[in-house]
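Working notes, structure below.
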Amino acid sequence: MDKPVAPDTLAGADKDAPLKEDIRLLGRLLGDVLRDQEGDAVFDVVETIRQTAVRFRRDADPEAGQELTALLHKLTRNQTISVVRAFSYFSHLANIAEDQHHNRRRRTHLLNGSPPREGSVGYALGKLRAAGVKQNTVERFFKDALISPVLTAHPTEVQRKSILDAEHDIARLLAERDQPLTPKEQVRNLQLMHARIATLWQTRMLRYTKLTVADEIENALSYYRITFLRELPALYDDIEDEIGVQYHGAPAQLGENAYVQMGSWIGGDRDGNPNVNAGTMRHAVMRHATTILDWYLDEVHTLGAELSTSTLMVDITPAMQSLAERSTDQSPHREDEPYRRALIGMYARLAASARELGATNILRKEVGHAEPYADANEFAQDLQVIADSLGANHGAMLILPRLAGLMRAARIFGFHLASLDMRQTSDVHERVLAEMFEKAGVEADYAALSEDDKVKLLLAELAQPRLLYTPYETYSEETESELAIVRAAREIRQRYGARAIRNYIISHTEAVSDLLEVLLLQKEGGLLHVSQGRSDVMVIPLFETIPDLQRAAAIMEEWMALPPVARVIEHQGRLQEVMLGYSDSNKDGGFLTSNWELYQAELKLVEVFERAQVKLRLFHGRGGTVGRGGGPSYQAILAQPPGTVNGQIRLTEQGEIIASKFSNPEIGRRNLELLVAATLEASLTPHPQEGDKAERLARFEGVMAELSERAYKAYRNLVYETPGFTDYFFAATPIAEIAELNLGSRPASRKSTRRIEDLRAIPWGFSWGQCRLLLPGWYGFGSAVAGWLEDGQQEGTPDERLATLQEMFKEWPFFATLLSNMDMVLAKTDLAIASRYAELVPDAALRERIFKRIAAEHGETIRRLEAVTGAGERLAGNPLLARSIQNRFAYLDPLNHLQVELIHRHRAMSRKAGEDGGAEMDPRVHRGIHLSINGVAAGLRNTG
């Protein structure tokens with residue numbers, strides 16, 4: 001691997017020269033490690049495969065393709081593992097190089113004094129100022145806003161934390177090389193990087209045991225230590241400074257509101273995951289608290305070492321004097337060092353708080369005994385006393401290095417770190433209440449009631465002061481578990497604070513009764529206070545399928561009109577959250593229809609909420625793939641319909657996207673800023689909807705409705721109505737092998753069937769990504785556009801209708817973002833590779849029939865996309881991403897070819913084992929498949 005990237009595959013502007021050098025360096029070091037660890041013979045095999053793959057990709061040489069197939073077919077099983085690992089690790093290292101290049105270009109931009117870049121808060125503020133938005137309006141936005149990335153328990157991320165840690169070190173060492181280094185430092189840097197790549201090679205890439213919920217919690221917490229704990233408070237400082245710069249004044253004072261807060265589903269999301277219960281919730285919140293308190297303890301200890309100020313030199317405030325005197329530290333050596341004394345006392349109180357909240361291992365022993373803090377606000381108040389004293393006594397400059405960030409962190413993270421959401425499917429709630437109604441003698445068959453009768457019964461029960469539950473009855477395990485959940489939520493809020501748990505999400509919300517059921521369960525668990533009309537935890541519907549999205553506005557209108565609900569919403573500050581599911585709506589109706597129905601649902605929800613005079617907060621359940629709502633978050637937020645953001649937005653971050661966005665602190669800071677900038681811009685940009693603009697938008701929406709209907713029919717016809725499609729999918733993708741991979745604690749399917757309907761949206765999308773078809777991100781568009789353009793019943797000529805689509809692309813952010821995301825998916829799609837996976841389908845007639853349909857739709861989609869956008873190649877508007885994708889293909893192709901070969905061997909062995917009554921399987925083949933899954937996912941970056 002001395003020459004890991006062919007020069008002609010890295011054609012691009014000179015500004016990408018450092019990226020090429022980094023990739024060559026990392027590739028050379030990986031090659032050196034491969035030679036050293038596996039020998040020259042394996043290195044030569046890898047290099048021959050690499051060169052053949054480059055020739056096949058570059059020249060579309062069929063002879064090279066045949067050579068590649070022959071090379072892979074004759075690999076021994078041990079060689080196969082080494083080759084898969086080599087190409088997989090190259091994908092990982094290329095990601096590191098690209099992240100470093102993004103950071104490098106951003107720093108260069110800032111050093112050159114260039115105007116703020118699109119996606120930055122400065123850019124958004126500049127646009128708003130130009131549009132006439134005043135500074136006080138911007139400041140009011142931040143005082144009321146909530147922007148919340150929520151890390152979810154749906155990992156398609158298959159890396160172990162050990163791998164992530166090693167890669168984090170490699171990224172740090174690579175970044176060091178951009179700084180001036182002495183010759184000796186350069187040698188040392190190279191040696192350390194070589195060592196870390198060798199560590200990677202000697203580290204097991206995969207988990208050989210099923211990932212537990214506790215493992216998922218720890219994986220997520222690692223990103224707090226890498227990125228969130230420092231970068232989020234620093235971002236707050238940057239935003240205040242940027243407002244001052246853009247509005248030509250002093251830095252803004254935005255008040256105490258924590259407008260960016262972290263959320264989590266990990267440990268609280270029970271939907272289809274039997275491993276999540278009251279115990280995992282308690283464990284998750286305890287680990288959250290331990291993580292943040294450990295960090296506070298370290299910061300307070302370090303701050304104490306730094307603030308050596310003596311009262312022999314400067315004065316302090318009376319409040320500071322009082323804080324120092326309350327300290328557990330009575331050493332005469334620090335009698336004149338009040339800040340140190342105060343911080344030693346604060347450390348003791350924090351240590352006591354940590355123990356009270358579940359920490360069992362305080363690494364640094366405190367001085368003396370102290371009472372724990374009542375809550376994080378008390379801790380923040382003590383920090384403020386220190387800051388006020390420094391500010392009043394010539395020490396304002398001493399606040400900035402550490403104290404300012406710590407004060408911000410206390411406000412953002414409290415003692416809870418992140419808000420844990422609860423989620424469960426509506427079917428479970430119905431079963432639990434049906435049993436409770438029956439045991440209480442209230443209703444013998446609740447599930448059989450009509451919707452109207454369910455609502456009447458639930459409202460009547462909510463008005464009762466007594467509980468349904470009695471300790472003298474015996475209930476099913478499911479009912480006991482669900483009741484334990486809501487009781488645990490109440491205990492957690494009392495112990496860790498109200499922000500520790502504040503949302504309850506209902507999957508598969510189909511009716512108002514689904515919401516009322518959760519309100520009643522909250523009453524049973526002490527979370528609903530009937531006499532006050534107050535619920536401690538917001539009840540949030542999740543609308544997922546196409547029919548659910550179409551009913552969403554009507555359900556919410558009925559929900560908010562119910563008197564007991566209206567009282568609850570009043571206590572919530574006249575705010576109600578609604579979650580929209582991108583994954584299941586896509587699996588249900590396809591890419592185009594899913595996006596359109598989500599857009600339509602949002603518009604209708606805005607109307608309903610405006611009539612009810614309730615503020616709408618949307619929670620976007622986005623996944624990694626475009627088919628699951630993925631794609632650039634900045635453009636996605638700006639493409640939301642007017643009135644749907646309003647300073648309030650939550651969105652999920654999951655799978656390998658979490659690692660991609662937040663495993664590098666600088667990249668993580670940039671992604672957090674993108675969320676804030678987009679929310680700010682979308683919330684405050686004026687949207688005049690009168691006259692020509694409103695008329696044109698209505699025309700665009702009418703066209704989109706027709707395209708959606710046609711795309712829906714095309715997609716449903718293929719996926720749900722074509723005989724044999726399910727058999728094709730299970731054979732032509734690695735879905736069965738993905739289900740065996742230790743990706744997470746959740747099963748791949750909701751039920752033990754091979755029905756597409758029962759398959760989770762994550763493995764559905766992940767499987768199509770692995771075989772390089774990425775079908776959920778584009779299928780149906782070509783048929784829809786072609787049918788609409790050629791429909792003689794439509795107004796105007798085909799050319800005039802095409803001009804309308806081109807106008808929509810240029811002027812409508814929703815449509816432009818839709819096509820941009822589809823363009824990215826098509827850039828990663830490869831029919832030649834996909835055809836190799838199709839060869840895994842044993843029924844030749846079925847294989848030919850379905851793959852031919854998919855290939856035809858792919859060709860039609862590309863033709864129609866190019867006609868609308870005017871671009872004759874993929875990602876013409878994003879050349880950096882286009883080059884990135886092209887650079888990876890020569891290394892992804894061998895992984896895909898190897899994966900097909902290994903799946904073929906694995907399935908052949910499985911058949912033979914079945915025929916021979918238990919013949920032994922070769923674990924190396926199984927391991928090779930899973931390694932290839934890891935490598936392809938890393939190479940494509942957003943396939944989960």
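Heavy-atom basis, side chains included; hydrogens, waters and symmetry copies ignored.
To the nearest 0.5 Å, the span separating CG on Leu895 from CD1 on Ile933 amounts to 11.0 Å. In this structure, Leu651 CG and Ile147 CD1 are separated by 10.0 Å, a value rounded to the nearest 0.5 Å. One finds the CZ atom of Arg402 at 4.5 Å from the CD atom of Glu299 (value rounded to the nearest 0.5 Å). Between the CG atom in Leu173 and the CG atom in Leu26 there is a gap of 10.0 Å [rounded to 0.5 Å]. Once rounded to the nearest 0.5 Å, the distance linking CG of Leu674 with CZ of Arg117 reads 10.0 Å. For the atom pair Trp768 CH2 and Thr829 OG1, the distance stands at 11.0 Å (nearest 0.5 Å).
Here the closest non-hydrogen pair linking Thr48 and Thr52 is O-OG1, 2.7 Å. Pairing each heavy atom of Met205 with each of Ser88, the nearest pair is CE-CB, 4.1 Å. Across every non-hydrogen atom of Ala659 and Leu164, the tightest pair is CB-CD2, 4.4 Å. Here the closest non-hydrogen pair linking Leu831 and His858 is CD1-ND1, 3.5 Å. Here the closest heavy-atom approach between residue Leu672 and residue Pro149 is recorded as CD2-CG, 4.1 Å. Minimum heavy-atom separation, Gly668 to Phe662: CA-CD2, 3.7 Å.
The pair Arg188-Glu185 fails the salt-bridge criterion, with no side-chain N (NZ, NE, NH1 or NH2) lying under 4.0 Å from an Asp/Glu carboxylate O.
Between the side chain of Thr652 and the backbone N or O of Thr152, no donor-acceptor pair lies under 3.5 Å. Between the side chain of Glu653 and the backbone N or O of Ile658 there is no donor-acceptor pair closer than 3.5 Å.
In this structure, the side chains of Trp778 and Ile862 stay at 4.5 Å or more apart for every pair of heavy atoms. Side-chain contact between Leu192 and Arg196 is absent, with no heavy-atom pair separated by less than 4.5 Å. Side-chain contact between Leu93 and Ile96 is present, with heavy atoms from C-beta onward closer than 4.5 Å. Looking at heavy atoms from C-beta onward, Leu229 lies in side-chain contact with Leu417 at the 4.5 angstrom threshold. In this structure, the side chains of Val33 and Phe43 stay at 4.5 Å or more apart for every pair of heavy atoms. Asp298 is not listed as a side-chain neighbour of Trp295, based on a closest heavy-atom distance of 4.5 Å or more. Using a 4.5 Å heavy-atom threshold, the side chains of Arg670 and Ile667 count as separate.
Ring pair Phe142/Tyr259: centre-to-centre distance below 6.0 Å. Here Phe228 and Phe413 keep their ring centres 6.0 angstrom or further from each other.
Listed by chain and residue number, Asp22, His101, Asp178 satisfy the side-chain hydrogen bond (donor to acceptor under 3.5 Å, both in side chains) test with Arg104 (two or more places apart in sequence, or in another chain). By the side-chain hydrogen bond (donor to acceptor under 3.5 Å, both in side chains) test, Tyr89 is found to be paired with no residue, residues two or more places apart in sequence or in another chain being considered. Remark: Trp201 pairs with Glu38 by the side-chain hydrogen bond (donor to acceptor under 3.5 Å, both in side chains) rule, at least two apart or across chains. Annotation: side-chain hydrogen bond (donor to acceptor under 3.5 Å, both in side chains) contacts of Asp823 (sequence neighbours excluded): Arg874. Remark: Glu231 engages Thr227, Pro665, Arg669 in a side chain to side chain contact (heavy atoms under 4.5 Å, CB included) (not counting sequence neighbours).
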Verdict with supporting geometry, Lys20 and Asp16, salt bridge (Lys or Arg N to Asp or Glu O under 4.0 Å): CA-CA 6 Å; Lys20 302 174 199 175; Asp16 289 340; over 6 Å; no

side-chain contact (heavy atoms from CB on, under 4.5 Å) assessment of Gln246 paired with Glu242: CA-CA 6 Å; Gln246 293 297 325; Glu242 196 62 54; 3.0 Å; yes

Ile649/Gln640 under side-chain contact (heavy atoms from CB on, under 4.5 Å): CA gap, chis, key distance, verdict: CA-CA 11 Å; Ile649 191 168; Gln640 296 301 304; 5.5 Å; no

side-chain contact (heavy atoms from CB on, under 4.5 Å) between Arg204 and Ser162, worked out: CA-CA 9 Å; Arg204 172 167 47 86; Ser162 302; over 6 Å; no

Check against salt bridge (Lys or Arg N to Asp or Glu O under 4.0 Å), Arg172 and Glu666: CA-CA 11 Å; Arg172 178 181 54 78; Glu666 198 169 339; over 6 Å; no

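A donor-acceptor pair shorter than 3.5 Å can be found between the side chains of Asn189 and Arg177. With hydrogens and angles left out, the side-chain atoms of His92 and Asn934 include a donor and acceptor closer than 3.5 Å. Side-chain atoms of Tyr837 and Gln770 include no donor-acceptor pair closer than 3.5 Å. Inspection of the Asn595 and Tyr582 side chains reveals no N or O donor paired with an N or O acceptor under 3.5 Å. Residues Tyr123 and Glu681 have side chains that never bring a donor and an acceptor to within less than 3.5 angstrom of each other. No side-chain N or O of His620 forms a donor-acceptor pair with one of Arg650 less than 3.5 Å apart.
Because its NZ or CZ atom is not both nearer than 6.0 Å to the ring centre of Tyr236 and within 45° of the ring axis, Arg408 does not count as a cation-pi partner of that residue.
A 6.0 Å sphere centred on CZ of Arg107 holds more than 12 heavy atoms belonging to other residues, nucleotides or ligands.
Sorted by first and then second residue, the salt bridge (charged side-chain N to carboxylate O under 4.0 Å, His left out) pairs involving residues 84-101 (not counting sequence neighbours) are Glu98-Arg888, Asp99-Arg941.
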